Enquirer: 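Here it is, the structure, as structure tokens.
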Amino acid sequence: MLSEPRSGQLAAWGNALLAGLVSPDDAVLAIVGDDAVHRVEGLPGESGPVGLTLALGRLRGLGVTGLRVALPAPGHPLGLSGPPEFNARALEAEEAVVCHGAALGLVPEVYEAGPAGDVHVEVVWHCLAVREAPPADVPSLGEAERELAEALREATEVLSRLDVAGSGPVAAAAIDAYRARAERGREVLAPGYPPRAVRVLELAQRVGMLISVAYESGHGGAVSASEMAARGEALRPVERTARRAQVAAYNAFVEERERGAR
């Protein structure tokens with residue numbers, strides 16, 4: 001969770017493009033990021049893969065008015081609405097984009113080639129049919145913010161008690177360094193998102209960094225099996241909460257537009 005999922009970039013900047021807040025070139029540049037190229041395969045009306053600019057225009061023509069994110073994990077179909085075929089592909093990729101306004105979804109497949117330090121990355125987004133239904137287990141921004149703050153407090157208390165390295169000053173320094181790099185390199189969300197969504201996503205990323213540092217630090221001071229189990233029990237729910245908050249932040253653009261249309 002140290003970096004934004006590709007589905008987050010596609011949804012955020014795709015939403016800004018659909019709303020007329022950014023140009024196609026700027027949106028595609030932000031979505032592709034450090035990858036070499038992104039293509040979309042399986043779009044209705046297209047016989048083969050097409051570039052992102054054409055794909056986003058085609059989706060608009062098909063009635064798409066917004067893009068939502070799904071970040072599913074085993075046992076947790078976060079952001080998905082079916083059918084099973086789409087859910088299975090999204091679960092394998094651990095992410096997906098679900099269109100609002102047309103029963104379509106996009107699942108990324110990543111291809112990497114080249115030596116370490118010079119890896120060439122291409123992404124193919126597979127366009128598939130989805131079920132038009134409310135996404136699973138996505139909280140409101142307010143709920144996500146409250147749940148995340150509470151989960152962070154509880155996890156920090158448990159990790160500190162177990163003397164896990166991820167709860168101390170080393171973790172704090174790593175988090176601050178990560179945030180500084182992120183702030184230098186990009187906007188947290190695309191134009192048009194409410195400030196609360198930006199705040200929730202920043203907190204989710206900070207929690208994700210804490211989780212990663214805790215996992216990467218080995219077992220820290222938790223040397224017994226029971227202590228290691230307790231650490232895992234502390235991290236799993238906060239990781240789940242952070243993913244829910246991420247999805248709520250990315251999906252806030254569509255949710256706010258829906259509320260305004262009522």
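If you're wondering where the values come from, they're calculated on a predicted model, not measured in any experiment. We count residues from 1, following the sequence as given.
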Enquirer: As an exercise, state the distance from CG of L80 to CZ of R89, rounded to the nearest 0.5 Å.
Expert: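 Result: 13.5 Å between the selected atoms.
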
Enquirer: Would H38 and I31 count as a side-chain contact (heavy atoms from CB on, under 4.5 Å) if you check the C-alpha gap in whole Å, the side-chain angles of each, and the deciding distance to 0.1 Å?
Expert: CA-CA 8 Å; H38 284 215; I31 294 166; 4.1 Å; yes

Enquirer: Side chains of Y250 and N15: do they bring a donor and an acceptor to under 3.5 Å?
Expert: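 Per modelled atom types, Y250 and N15 side chains form no pair under 3.5 Å.
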
Enquirer: Treating Ile, Leu, Val, Met, Phe, Trp and Tyr as nodes and any side-chain heavy-atom pair under 4.5 angstrom as an edge, say whether V110 and L52 lie in one connected cluster.
Expert: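 Yes, one cluster joins them.
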
Enquirer: Quick one: closest heavy-atom pair of R60 and L17, and the distance?
Expert: NH2-O, 3.3 Å

Enquirer: Hey, does the side chain of R244 reach the backbone of D137 with a donor-acceptor pair shorter than 3.5 angstrom?
Expert: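 Such a contact is found between R244 side chain and D137 backbone.
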
Enquirer: Determine, stepwise, if the pair L235 / E239 fulfils side-chain contact (heavy atoms from CB on, under 4.5 Å).
Expert: CA-CA 6 Å; L235 292 176; E239 185 174 23; 5.7 Å; no

Enquirer: One pair to check against side-chain contact (heavy atoms from CB on, under 4.5 Å): E85 and L128. What are the steps and the verdict?
Expert: CA-CA 9 Å; E85 294 81 4; L128 305 163; over 6 Å; no

Enquirer: Out of curiosity, L29 CG to T53 OG1, how far, rounded to the nearest 0.5 Å?
Expert: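 The OG1 atom of T53 is 10.5 Å from CG of L29, to the nearest 0.5 Å.
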
Enquirer: Do you know the tightest heavy-atom contact between A149 and L203?
Expert: N-CD2, 4.4 Å

Enquirer: Following the transitive rule for hydrophobic clusters with a side-chain heavy-atom cut-off under 4.5 Å over Ile, Leu, Val, Met, Phe, Trp and Tyr, establish whether L106 and V50 coincide in one cluster.
Expert: yes

Enquirer: P108 and V123: which non-hydrogen atoms are nearest, and at how many Å?
Expert: CB-CG1, 4.0 Å

Enquirer: Answer yes or no: is there an ion pair linking R199 with E202, defined by an N-O contact shorter than 4.0 Å?
Expert: no

Enquirer: Begin with the C-alpha distance, continue with both residues' side-chain angles, and end with the deciding distance and a verdict on side-chain contact (heavy atoms from CB on, under 4.5 Å) for L59 and L43.
Expert: CA-CA 8 Å; L59 289 173; L43 270 174; 3.6 Å; yes

Enquirer: Are L18 and V40 joined in one hydrophobic group, where the rule is that I, L, V, M, F, W and Y side chains link up if heavy atoms are under 4.5 Å apart?
Expert: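 In one cluster: yes.
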
Enquirer: Take atom CZ in R39; do more than 12 heavy atoms of anything else shown fall under 6.0 Å from it?
Expert: no

Enquirer: Should L78 and V69 be counted in the same cluster of Ile, Leu, Val, Met, Phe, Trp and Tyr side chains packed under 4.5 Å apart?
Expert: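 In one cluster with L78: V69, yes.
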
Enquirer: Only distances under 3.5 Å count here; give the side-chain donor-acceptor pairs of residues 94-105 to other protein atoms, sequence neighbours excluded, each with its distance to 0.1 Å.
Expert:
unit_1 : atom_1 : unit_2 : atom_2 : d
E95    : OE1    : R6     : N      : 3.2
E95    : OE1    : S7     : N      : 2.6
E95    : OE1    : S7     : OG     : 2.8
H100   : NE2    : E258   : OE2    : 3.4

Enquirer: Determine, using the 4.5 Å side-chain heavy-atom cutoff (strictly less than), whether V254 and W13 are members of one ILVMFWY cluster.
Expert: no

Enquirer: Counting only heavy atoms not in E122, do more than 12 sit closer than 6.0 Å to its CD atom?
Expert: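 Enclosed: over 12 neighbouring heavy atoms sit under 6.0 Å from CD of E122.
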
